[in-house]
Protein chains: 2
Amino acid sequence: MLDDIDRKLLGILSANARISLKELAAEAGLSSPSTAERLRKLDERGVITGYTVDVDPRMLGYTLQAIVRVRPLPGQLHIIERMIQEMPHCVECDKVTGDDCFVARILVRNMEELDGLLDGIAERAQTSTSLVKSTSVKRRLPALLP
Amino acid sequence: MLDDIDRKLLGILSANARISLKELAAEAGLSSPSTAERLRKLDERGVITGYTVDVDPRMLGYTLQAIVRVRPLPGQLHIIERMIQEMPHCVECDKVTGDDCFVARILVRNMEELDGLLDGIAERAQTSTSLVKSTSVKRRLPALLP
DNA sequence: GATGAAAATGGATCATA
DNA sequence: TATGATCCATTTTCATC
């Protein structure tokens with residue numbers, strides 16, 4: 001699927017996606033054109049889905065982070081999903097198996113704001129909220145299998 | 001804190017962090033040197049913490065994604081945290097308030113692999129696992145406050 | 001597929017507003 | 001603090017292996 005060089009490229013990019021092609025090529029032990037071609041193919045194959053910037057939420061004024069499990073009341077699932085998607089405070093949400101249909105990551109400025117958000121869906125869903133105290137594992141790539 | 005141009009730069013970068021400085025400047029309506037200087041400062045201030053590549057886990061052979069809540073048994077918290085951190089299948093983990101101490105996102109190739117991982121910590125922690133059926137909100141930036 | 005050289009493009013610096 | 005001009009570095013293309 002991926003060869004050693006592809007894995008190396010992904011590893012380097014995951015640490016710094018804005019590295020120049022030249023440096024990337026040098027670190028991977030390849031020429032720039034070959035490196036560019038490999039990136040193009042990883043993109044084309046859908047292995048690489050994008051390049052993004054990581055931002056410190058606190059520096060944007062978001063001092064509180066919460067993981068909220070959402071259990072929509074009967075008949076409310078689709079409305080709730082749409083409400084979550086349109087909530088700019090939600091930065092990540094998965095639909096999962098089990099009683100809790102959704103697990104969402106929410107950023108807020110303070111408790112009042114969190115309270116307000118949860119109140120906004122309280123009529124249509126039950127929620128269980130855990131506040132994030134610290135991050136044990138910062139988002140990273142999984143092991144790149146051979 | 002951030003002005004309109006900074007917010008614009010972050011927005012553009014979150015959609016494509018490998019855009020050239022020149023294009024970035026053009027899209028933001030700024031000169032390249034000013035754009036470079038602003039990026040440098042966003043970095044320096046800790047607003048931007050890095051640039052990463054997004055990868056489709058399925059393209060790496062990880063067909064199953066799970067959100068696992070982990071409740072360590074008394075006295076096992078630190079060992080469990082270390083075990084999670086050293087687990088290459090864990091791509092994200094937060095320490096949270098409440099009975100469940102950790103919420104981890106796990107990638108595996110199949111059910112057997114997930115079962116094996118959970119077995120590996122079963123002596124030291126209780127776990128509640130939800131399988132991810134779909135992604136309602138792909139990781140994104142929150143609203144950039146004025 | 002990968003490479004090396006040439007053409008095209010982009011980035012960093014500096015003087016200036 | 002932003003800009004435009006300059007020079008230097010990088011990226012892309014293409015012919016070749």
Side-chain angles (χ1 to χ4, degrees), chain A residues 1-62 140-146, chain B residues 1-63 109 140-146:
Chain A
M1 210 173 230
L2 300 184
D3 66 13
D4 281 351
I5 299 178
D6 288 333
R7 281 191 285 276
K8 186 145 201 180
L9 293 175
L10 290 178
I12 299 167
L13 286 172
S14 80
N16 175 18
R18 267 186 83 76
I19 190 175
S20 78
L21 187 62
K22 190 182 184 178
E23 282 183 275
L24 180 61
E27 280 204 50
L30 223 64
S31 69
S32 305
S34 306
T35 306
E37 177 67 4
R38 274 172 182 272
L39 287 190
R40 199 189 59 70
K41 283 189 180 156
L42 285 170
D43 229 331
E44 190 180 83
R45 281 196 277 163
V47 177
I48 291 178
T49 56
Y51 301 96
T52 63
V53 60
D54 273 354
V55 167
D56 184 343
R58 287 166 304 187
M59 289 291 147
L60 300 179
Y62 295 102
R140 66 185 179 195
L141 285 185
L144 299 172
L145 307 167
Chain B
M1 209 172 228
L2 300 185
D3 67 12
D4 280 351
I5 299 177
D6 288 332
R7 281 191 285 278
K8 186 142 200 182
L9 293 175
L10 290 177
I12 298 167
L13 285 171
S14 81
N16 175 18
R18 266 187 84 74
I19 190 174
S20 77
L21 185 60
K22 197 174 187 177
E23 281 184 277
L24 180 61
E27 279 204 49
L30 218 64
S31 69
S32 310
S34 307
T35 304
E37 177 66 4
R38 274 172 182 273
L39 284 191
R40 199 189 58 71
K41 283 188 181 158
L42 286 170
D43 230 329
E44 189 181 83
R45 283 195 276 162
V47 178
I48 290 178
T49 57
Y51 301 95
T52 63
V53 61
D54 275 354
V55 168
D56 184 343
R58 287 165 304 186
M59 289 291 149
L60 301 179
Y62 294 103
T63 55
R109 273 166 280 197
R140 66 186 178 193
L141 286 185
L144 299 172
L145 308 166

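Numbers restart at 1 for each chain; the letters A, B, ... are given by sequence-line order, proteins then strands. Scope of the values below: all heavy atoms of this structure, side chains included, with no hydrogens, waters or symmetry mates.
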K.L.:
Donor-acceptor pair, distance only, cut-off 3.5 Å: does the side chain of B:Arg45 make one with the backbone of A:Met59?
P.N.:
no

K.L.:
Run the side-chain contact (heavy atoms from CB on, under 4.5 Å) test on B:Asp6 and B:Val47 for me, step by step, so that the C-alpha distance in whole Å, both residues' side-chain angles and the decisive distance to 0.1 Å come before the verdict.
P.N.:
CA-CA 10 Å; B:Asp6 288 332; B:Val47 178; over 6 Å; no

K.L.:
To the nearest 0.5 Å, what is the distance between CG on B:Leu10 and CG on B:Leu39?
P.N.:
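With rounding to 0.5 Å, CG (B:Leu10) is 8.5 Å from CG (B:Leu39).
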
K.L.:
Rounded to the nearest 0.5 Å, how far does CG of A:Leu144 lie from CG of A:Asp3?
P.N.:
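These two atoms lie 11.5 Å from each other.
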
K.L.:
Working to the nearest 0.5 Å, report the span between CG of B:Leu42 and OG1 of B:Thr49.
P.N.:
11.5 Å

K.L.:
Please list, in 5' to 3' order, the outermost nucleotides of DNA chain D lying under 4.0 Å from any heavy atom of chain A.
P.N.:
D:dT10 to D:dT13

K.L.:
Using a 4.0 Å heavy-atom cut-off, does B:Arg40 contact any base of the nucleic acid, only the sugar-phosphate backbone, or nothing at all?
P.N.:
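No contact at all - B:Arg40 keeps every heavy atom at 4.0 Å or more from the nucleic acid.
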
K.L.:
Could you grab the distance from atom CD1 of B:Ile48 to atom CG of B:Leu9, nearest 0.5 Å is fine?
P.N.:
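Going from the CD1 atom of B:Ile48 to the CG atom of B:Leu9 covers 8.0 Å.
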
K.L.:
Check side-chain hydrogen bond (donor to acceptor under 3.5 Å, both in side chains) between B:Arg58 and all other residues, then give those that pass, not counting sequence neighbours.
P.N.:
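B:Asp56.
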
K.L.:
Looking at B:Asp43 and B:Arg40, is any side-chain nitrogen of the basic one under 4.0 Å from a carboxylate oxygen of the acidic one?
P.N.:
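Salt bridge: no.
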
K.L.:
Give a yes or no on whether the backbone of A:Ile19 and the side-chain of B:Tyr51 come within a donor-acceptor separation of less than 3.5 Å.
P.N.:
no

K.L.:
Could you please spell out the steps behind the side-chain contact (heavy atoms from CB on, under 4.5 Å) verdict for B:Leu60 and A:Leu2?
P.N.:
CA-CA 8 Å; B:Leu60 301 179; A:Leu2 300 184; 3.4 Å; yes

K.L.:
Kindly write out the residues that satisfy side-chain contact (heavy atoms from CB on, under 4.5 Å) with A:Ala36, not counting sequence neighbours, or none if the list is empty.
P.N.:
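Per chain and number, A:Ala36 pairs via side-chain contact (heavy atoms from CB on, under 4.5 Å) with A:Leu21.
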
K.L.:
Start with the C-alpha distance between B:Leu30 and B:Leu24, add both sets of side-chain angles, then the distance that settles side-chain contact (heavy atoms from CB on, under 4.5 Å), and finish with yes or no.
P.N.:
CA-CA 8 Å; B:Leu30 218 64; B:Leu24 180 61; over 6 Å; no

K.L.:
In residues 42-52 of chain A, what residues come within less than 4.0 Å of DNA chain D, judged by heavy atoms?
P.N.:
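Residues of residues 42-52 of chain A that come under 4.0 Å of DNA chain D do not exist, since none gets that close.
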
K.L.:
Check the interface with nucleotides 3-7 of chain C: list each N/O to N/O pair with the protein under 3.5 Å, or write none.
P.N.:
{"residue": "C:dT3", "atom": "OP2", "partner": "A:Ser31", "partner atom": "N", "Å": "3.3"}
{"residue": "C:dT3", "atom": "OP2", "partner": "A:Ser31", "partner atom": "OG", "Å": "3.2"}
{"residue": "C:dT3", "atom": "OP2", "partner": "A:Ser34", "partner atom": "OG", "Å": "3.0"}

K.L.:
Just the atom pairs and distances: protein N or O near nucleotides 9-11 of chain C's N or O, under 3.5 Å.
P.N.:
{"residue": "C:dG10", "atom": "OP2", "partner": "B:Lys22", "partner atom": "NZ", "Å": "3.4"}
{"residue": "C:dG11", "atom": "OP1", "partner": "B:Leu21", "partner atom": "N", "Å": "2.6"}
{"residue": "C:dG11", "atom": "OP2", "partner": "B:Leu21", "partner atom": "N", "Å": "3.2"}
{"residue": "C:dG11", "atom": "OP2", "partner": "B:Lys22", "partner atom": "N", "Å": "2.5"}

